[in-house]
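There's a structure below that I have some questions on.
Note: hydrogens, waters and symmetry copies are ignored here, and every other heavy atom, side chains too, is used. Chain A is the first sequence line, chain B the second, and so forth, proteins listed ahead of strands; every chain is numbered from 1.
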There are 2 protein chains.
Amino acid sequence: MSTSKHDHDREEGLEFQPKFDASGLVTCVATDVATGDVLMVAHMNDEALRKTIASGEAWYFSRSRNALWRKGETSGQTQRVVEMRMDCDQDAVWIRVEQTGAACHTGRRSCFYRAVQLGKAGAATLEFRDADKAFDPKAVYRDK
Amino acid sequence: MSTSKHDHDREEGLEFQPKFDASGLVTCVATDVATGDVLMVAHMNDEALRKTIASGEAWYFSRSRNALWRKGETSGQTQRVVEMRMDCDQDAVWIRVEQTGAACHTGRRSCFYRAVQLGKAGAATLEFRDADKAFDPKAVYRDK
């Protein structure tokens, strides 16, 4: 496993140098500071990263809407960032957040409300887990 | 916010139908079942997903090596999957794992061993956090 000097600096240095993909994005994982549960996986562009760092509130970049987006700006379900970390090659960000209400647009606290049954060699199936809704998405997004 | 029937089925149904990107991959977040810490963010293709589900050991697809990869096959630092969940639109997977040793190729338990200092309007900087090495990567990967 060879590592170039450039890679080494990015992995072992203290310079913030996010490695954006071809679309100018890094992956962001948000976990619940209270439970450790993964709430959502989304993306940030340079501006979303900088606004998140400066404000301590989570900003993302929506690939489907092609727009910068402050989490909760429509739903009120904001995320206060308690800690932000970069991974080894700086193409992924982990934020631990205080989640107001629920992270998922379906109304669940986490986007990960279905489990895959393990140990099946053939067709995999899902089952609901922690899938209660904290809000009614039809009411929250009714004007959208 | 309009949702097509197809999207609705993917979000509310119990059919396992991962939404692969243009490269045939979904994003996978692995967290430590003991601590809730995010250990790594990586990718799975269809085969990696199916091998993980069938075996209960984490398999990934390496974009840099363009190859299927059983976590720990070189380093011995395997991941036993305790739970696997899909997110709302099924383009991201969360696995909670029992991590043998360390997840990161740098020798740290987690790839997220640096924190970003929040509240800075200007240039962001990193600081090491939980950055002790569990193994010496030069020794583990010496033949690679």
Side-chain angles (χ1 to χ4, degrees), chain A residues 1-2 11-16 27 29 31-32 35-38 40-42 49-50 52-56 74 81-94 96 104-106 108 110-130 137 141 144, chain B residues 1-2 11-16 27 29 31-32 35-38 40-42 49-50 52-56 74 81-94 96 104-106 108 110-129 137 141-142 144:
Chain A
M1 187 169 278
S2 65
E11 291 185 352
E12 296 297 335
L14 294 179
E15 189 183 341
F16 179 68
T27 301
V29 180
T31 64
D32 186 324
T35 63
D37 286 351
V38 177
M40 57 188 283
V41 172
L49 266 175
R50 297 196 179 278
T52 301
I53 292 167
S55 69
T74 300
V81 180
V82 174
E83 187 181 44
M84 173 186 267
R85 296 199 189 193
M86 298 296 287
D87 80 341
C88 44
D89 60 357
Q90 299 203 35
D91 67 353
V93 180
W94 168 25
R96 295 197 305 132
C104 185
H105 74 285
T106 67
R108 280 93 171 192
S110 162
C111 294
F112 294 86
Y113 50 84
R114 288 169 299 184
V116 182
Q117 294 179 327
L118 296 171
K120 292 211 172 181
T125 53
L126 304 179
E127 59 184 35
F128 286 111
R129 202 161 294 173
D130 305 325
Y141 298 109
K144 299 295 163 288
Chain B
M1 187 170 275
S2 64
E11 291 185 352
E12 296 297 333
L14 294 178
E15 189 182 341
F16 179 67
T27 301
V29 179
T31 64
D32 187 325
T35 64
D37 286 352
V38 176
M40 57 189 282
V41 172
L49 265 175
R50 296 195 179 278
T52 301
I53 292 167
S55 69
T74 300
V81 180
V82 174
E83 186 181 46
M84 173 186 268
R85 296 199 189 193
M86 299 297 286
D87 80 341
C88 44
D89 60 356
Q90 299 204 35
D91 67 353
V93 181
W94 168 26
R96 295 195 306 132
C104 186
H105 73 285
T106 66
R108 279 94 171 191
S110 163
C111 294
F112 293 85
Y113 50 83
R114 289 169 298 184
V116 182
Q117 294 179 326
L118 296 171
K120 292 212 173 182
T125 54
L126 303 179
E127 60 184 35
F128 286 111
R129 202 161 295 173
Y141 298 108
R142 88 178 95 191
K144 298 296 163 288

- Task: Check each atom of B:R96 against the heavy atoms of chain A and say whether the ones under 4.5 Å are side chain, backbone, both or neither.
- Result: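 Neither part.
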
- Query: Taking only residues two or more places apart in sequence, or in another chain, which ones meet A:R85 in a salt bridge (charged side-chain N to carboxylate O under 4.0 Å, His left out)?
  - Reply: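 Per chain and number, A:R85 pairs via salt bridge (charged side-chain N to carboxylate O under 4.0 Å, His left out) with A:E83, B:D130.
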
- Item | For the student: nearest non-hydrogen atoms of B:T106 and A:E11, plus distance |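 Minimum heavy-atom separation between B:T106 and A:E11: CG2-OE1, 3.9 Å.
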
- Message: Does any backbone or side-chain atom of B:V93 lie under 4.5 Å from a heavy atom of chain A? Answer side chain, backbone, both or neither.
- Response: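 For B:V93, backbone heavy atoms alone lie under 4.5 Å from chain A.
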
- Item | Interface residue of largest heavy-atom contact number with chain B, from A:L49, A:V38, A:D32, under 4.5 Å |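 When all of A:L49, A:V38, A:D32 are compared, A:V38 has the most.
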
- Query: How long is the span from the CZ atom in B:R114 to the CD atom in A:E12, to the nearest 0.5 Å?
  - Reply: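 That separation rounds to 7.0 Å.
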
- When B:F16, B:W94, B:Y113, B:F128 are compared by non-hydrogen pairs under 4.5 Å with chain A, the top option: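 Of the candidates given, the most pairs with chain A belong to B:W94.
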
- Go through the steps for B:V116 and A:M86 under the test side chain to side chain contact (heavy atoms under 4.5 Å, CB included), then give the verdict. CA-CA 7 Å; B:V116 182; A:M86 298 296 287; 3.6 Å; yes

- Query: Under a 4.5 Å heavy-atom cut-off, does chain A meet the side chain of B:V29, its backbone, both or neither?
  - Reply: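 Only the side chain of B:V29 comes within 4.5 Å of chain A.
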
- Quick one: closest heavy-atom pair of B:L118 and A:V82, and the distance?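 Scanning both residues completely, I find the closest heavy atoms to be CD1-O, 4.0 Å.
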
- Message: Which residues pass the salt bridge (charged side-chain N to carboxylate O under 4.0 Å, His left out) test with B:D37, not counting sequence neighbours?
- Response: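 Scan of B:D37 (salt bridge (charged side-chain N to carboxylate O under 4.0 Å, His left out), adjacent residues dropped) gives none.
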
- Item | B:E15 versus A:L126, closest heavy-atom pair with distance |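 Closest approach of B:E15 to A:L126, heavy atoms only: O-CD1, 3.5 Å.
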
- Message: For the interface with chain A, which of B:G13, B:S55, B:G56 has the highest count of heavy-atom pairs at distances below 4.5 Å?
- Response: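 Greatest number of close heavy-atom pairs with chain A: B:G13.
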
- Item | Largest heavy-atom contact set with chain A, pairs under 4.5 Å, which of B:C104, B:S110, B:A92 |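 Top count of heavy-atom pairs under 4.5 Å with chain A: B:A92.
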
- So which heavy atom on B:Q117 is nearest to which on A:I53, and how close?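 The pair with the smallest heavy-atom distance is O-CG2, 3.7 Å.
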
